[in-house]
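These numbers were taken from a predicted model, which means no experiment stands behind them. Heavy-atom basis, side chains included; hydrogens, waters and symmetry copies ignored.
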Amino acid sequence: MQVPTADIYVTFRCNMRCRHCFVGPALDRGTDLPRDALIGFLRTAWSDWSTREISFLGGEPTLHPDIDLAVRAGREIGFRIRVVSNGGPALLRMMPLRIVRPASALPPAHPSGDGGTPRRVLRSILDRPRPTHAPPAGGQQPQV
C-alpha cells in the first residue's frame, strides 16, 4: 500500500476555541497521542506505506508535550514535515530551537484560523516575528 502523505492529529488540546473547529468538545479533554504511538506511526508510515510527507495537526499541535521530538524524529527518518498551527505562543517557542521557521520560510508552519474570522487570521500572520537570519547560499530556502 502507498500513502504519499499522512496527517497526524497529535493532540486535541488547543489554546483557542474557534467556532468552526471540528474537534469541538474534545478540546476540553486535552487528549494527546502517546509518544510511543506517535514515533511508531512515523516508522510504519515510512517503511510500510512509503509515506514521505507528514502534517502534524490538532487541536494545536505545538501544545503536544513531545512535538519537538516528533518533528526531529520525522526529519531524521526522511519526511517532509508540516506543522499546522494557529501561530500562537507555543509555535513561537519552537522557532529558536530551529524546529520550525517563521512565516517567510513556509512550509513547514502553516497558520490556521484563530477565532474563525478573517481579520483574526490575518492579524495572527502579520503579528508573527520576522526572520533575522540570512537565507542559505544561493538565496533558496532549504527543503524541509
Gap separating the CZ atom of Phe12 from the CG atom of Leu33, nearest 0.5 angstrom: 9.5 Å

Distance (rounded to the nearest 0.5 Å) between Arg75 CZ and Leu42 CG: 13.0 Å

Minimum-distance pair of heavy atoms, taken over all atoms of Val83 and Val71: CG2-CG2, 4.0 Å

Leu63 with Phe56, same ILVMFWY side-chain cluster at under 4.5 Å: no

Summary of ring pair (Phe, Tyr, Trp, His ring centres under 6.0 Å) pairs that have at least one residue in residues 21-46, sequence neighbours excluded: Tyr9-Phe22, Phe41-Trp49, Trp46-Phe79

Shortest non-hydrogen contact between Cys14 and Gly59, atoms and distance: CB-CA, 4.1 Å

With sequence neighbours excluded, residues passing salt bridge (Lys or Arg N to Asp or Glu O under 4.0 Å) with Arg35: Asp66

Value rounded to 0.5 Å, distance of CD1 in Ile54 from CD1 in Ile77: 8.5 Å

Pairs involving residues 37-49, ordered by first then second residue, that meet salt bridge (charged side-chain N to carboxylate O under 4.0 Å, His left out) (sequence neighbours left out): none

Residues that Thr5 engages under side chain to side chain contact (heavy atoms under 4.5 Å, CB included), provided they are two or more places apart: Glu53

Distance, nearest 0.5 Å, that separates CG of Asp7 from OG1 of Thr51: 10.5 Å

Minimum heavy-atom distance Leu38-Ala70, with the two atoms named: CD2-CB, 3.4 Å

Side-chain heavy atoms of Cys21 within contact of Leu27, under 4.5 Å: yes

Taking every non-hydrogen atom, the tightest pair across Gly58 and Val23: O-CG2, 4.2 Å

Sidechain-backbone polar pair: Glu60 side chain, Asn86 backbone, donor-acceptor under 3.5 Å: yes

Side chain to side chain contact (heavy atoms under 4.5 Å, CB included) partners of Asp32, counting only residues at least two apart: Thr11, Arg13, His64, Pro65

